[in-house]
There are 2 protein chains.
Amino acid sequence: MPTPHYGQPRYRAIAEELRERIESGAIPPGALLPTESILTAEFRASRGTIRQAIAVLREAALVVTEHGRGTYASLRPKVGRAVTGGRAEARPQEVAADPELAALFSVEVGTALVEHQSIDRRDGVVQAVVRTYRLLRPNQ
Amino acid sequence: MPTPHYGQPRYRAIAEELRERIESGAIPPGALLPTESILTAEFRASRGTIRQAIAVLREAALVVTEHGRGTYASLRPKVGRAVTGGRAEARPQEVAADPELAALFSVEVGTALVEHQSIDRRDGVVQAVVRTYRLLRPNQ
DNA sequence: AGAAATTTGTCCGTATGTATC
DNA sequence: AGATACATACGGACAAATTTC
């Protein structure tokens with residue numbers, strides 16, 4: 001079998017399909033995904049490709065994998081706009097760069113950065129807090 | 001050849017070695033890393049293993065790979081010296097809630113949260129750093 | 001402009017190691 | 001101990017993007 005992946009690679013297509021199942025609730029939060037072996041059979045793909053697909057979901061924090069156990073659907077599907085009141089507030093503010101941010105932005109520790117904070121709530125309960133950091137004035 | 005990986009897997013050891021070369025300046029910022037083919041010969045490892053090692057560096061934002069071109073060392077500063085617990089960037093990571101996060105999540109200050117950091121970069125230059133915080137155990 | 005070489009991307013099949021049940 | 005499931009590693013083949021000639 002050749003390797004035709006015009007446009008979308010197989011592993012991404014498979015990741016999409018699995019993402020659908022998770023976000024739709026077909027695979028409920030906390031539940032185990034089918035084993036790599038089963039997915040291999042279902043999608044008629046090699047195990048490496050299946051693992052690549054799962055890696056995409058892991059990167060997206062949609063699943064968590066445990067050695068010898070399996071891969072679980074994350075307890076936190078869809079962070080996006082919940083139809084019911086998942087509104088996010090923003091609050092620009094200047095903060096001092098911690099060592100890691102300083103290294104990333106190539107500035108001195110303590111340099112002022114702009115912090116943008118948004119909050120994802122569901123039914124009034126804070127689900128996630130997102131902080132975005134940028135330079136006051138981009139260098140380079 | 002068997003696959004003994006007591007403790008450290010091969011690909012992580014190779015990633016460590018390459019990380020050394022980058023952080024020491026042996027591979028200066030912006031420079032191309034040796035091709036996968038060359039690394040395969042040097043480390044006597046399969047291409048898959050080399051690619052896995054490079055994936056680790058990519059995850060740590062130490063390199064950027066471009067299709068058909070090669071893998072570049074990131075333009076990040078060698079400031080990453082002070083290693084006072086300052087990890088380059090482990091992916092999902094547990095951190096202690098600061099007062100503001102603690103208030104938002106309704107937990108005690110210092111409670112462990114999961115931090116996920118992603119970096120938006122253009123041409124190797126960091127544009128923005130996004131940190132997302134969530135509870136370890138979502139308490140509905 | 002076009003062809004070839006180079007380099008990374010995707011995919012397969014197999015084998016073995018390690019963790020969990 | 002045995003079975004199950006994920007992790008690591010190898011080798012081969014072809015696709016796609018880039019560079020070189």
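Below, chain A is the first sequence line, B the second, and so on; all start at residue 1.
- Between B:Ile50 atom CD1 and C:dG9 atom C1' there is a gap of 16 Å when expressed in whole angstrom units.
- Heavy-atom minimum distance, B:Ile22 versus B:Val63: CD1-CG1, 3.6 Å.
- The base of D:dA7 sits within donor-acceptor range of the side chain of A:Arg47, with an N or O pair under 3.5 Å.
- Rounding to the nearest 0.5 Å places OH of A:Tyr11 at 14.5 Å from CZ of A:Arg51.
- Side-chain atoms of A:Ile14 and A:Ile50, non-hydrogen and from C-beta on, do get closer than 4.5 Å to each other.
- Atom CD1 of B:Ile14 is separated from atom C1' of D:dA9 by 10 Å (rounded to the nearest Å).
- C:dT18 atom C1' lies 13 Å from atom OH of B:Tyr11, rounded to whole Å.
- The shortest distance between side-chain heavy atoms of A:Leu39 and A:Pro34 falls below 4.5 Å.
- An OP1 or OP2 oxygen of C:dC12 is reached within less than 4.0 angstrom by a side-chain nitrogen or oxygen of A:Thr49.
- A straight line from CD of B:Gln52 to P of D:dA9 spans 6 Å, rounded to a whole angstrom.
- In this structure, the CZ atom of B:Arg58 is 6 Å from the P atom of C:dG9, given to the nearest Å.
- No side-chain donor from either of B:Thr40 and B:Ser37 sits under 3.5 Å from a side-chain acceptor of the other.
- Taking 4.0 Å as the cut-off between side-chain N and carboxylate O, B:Glu42 and B:Arg21 count as a salt-bridged pair.
- The shortest distance between the side-chain N/O atoms of B:Arg51 and the OP1/OP2 oxygens of C:dG9 is below 4.0 Å.
- Proximity note for A:Glu36 (side chain, C-beta onward) versus D:dA9, C:dC12, D:dC6: the nearest is D:dC6.
- A:Gly48 comes within contact range of no nucleotide atom at all, as no heavy-atom separation falls under 4.0 Å.
- Counting any heavy atom pair closer than 4.0 Å across all strands shown, B:Arg12 reaches no nucleic acid atom.
- Nearest approach of A:Ala13 to A:Gln8, heavy atoms of both residues: N-NE2, 3.2 Å.
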Between protein and nucleotides 17-21 of chain D, what N or O pairs are separated by less than 3.5 Å?
{"from": "D:dT18", "atom 1": "O3'", "to": "B:Arg69", "atom 2": "NE", "distance (Å)": "3.3"}
{"from": "D:dT19", "atom 1": "OP1", "to": "B:Arg69", "atom 2": "NE", "distance (Å)": "2.6"}
{"from": "D:dT19", "atom 1": "OP1", "to": "B:Arg69", "atom 2": "NH2", "distance (Å)": "3.3"}

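- Atom CG in B:Leu39 sits about 12 Å away from atom C1' in C:dT7, given to the nearest Å.
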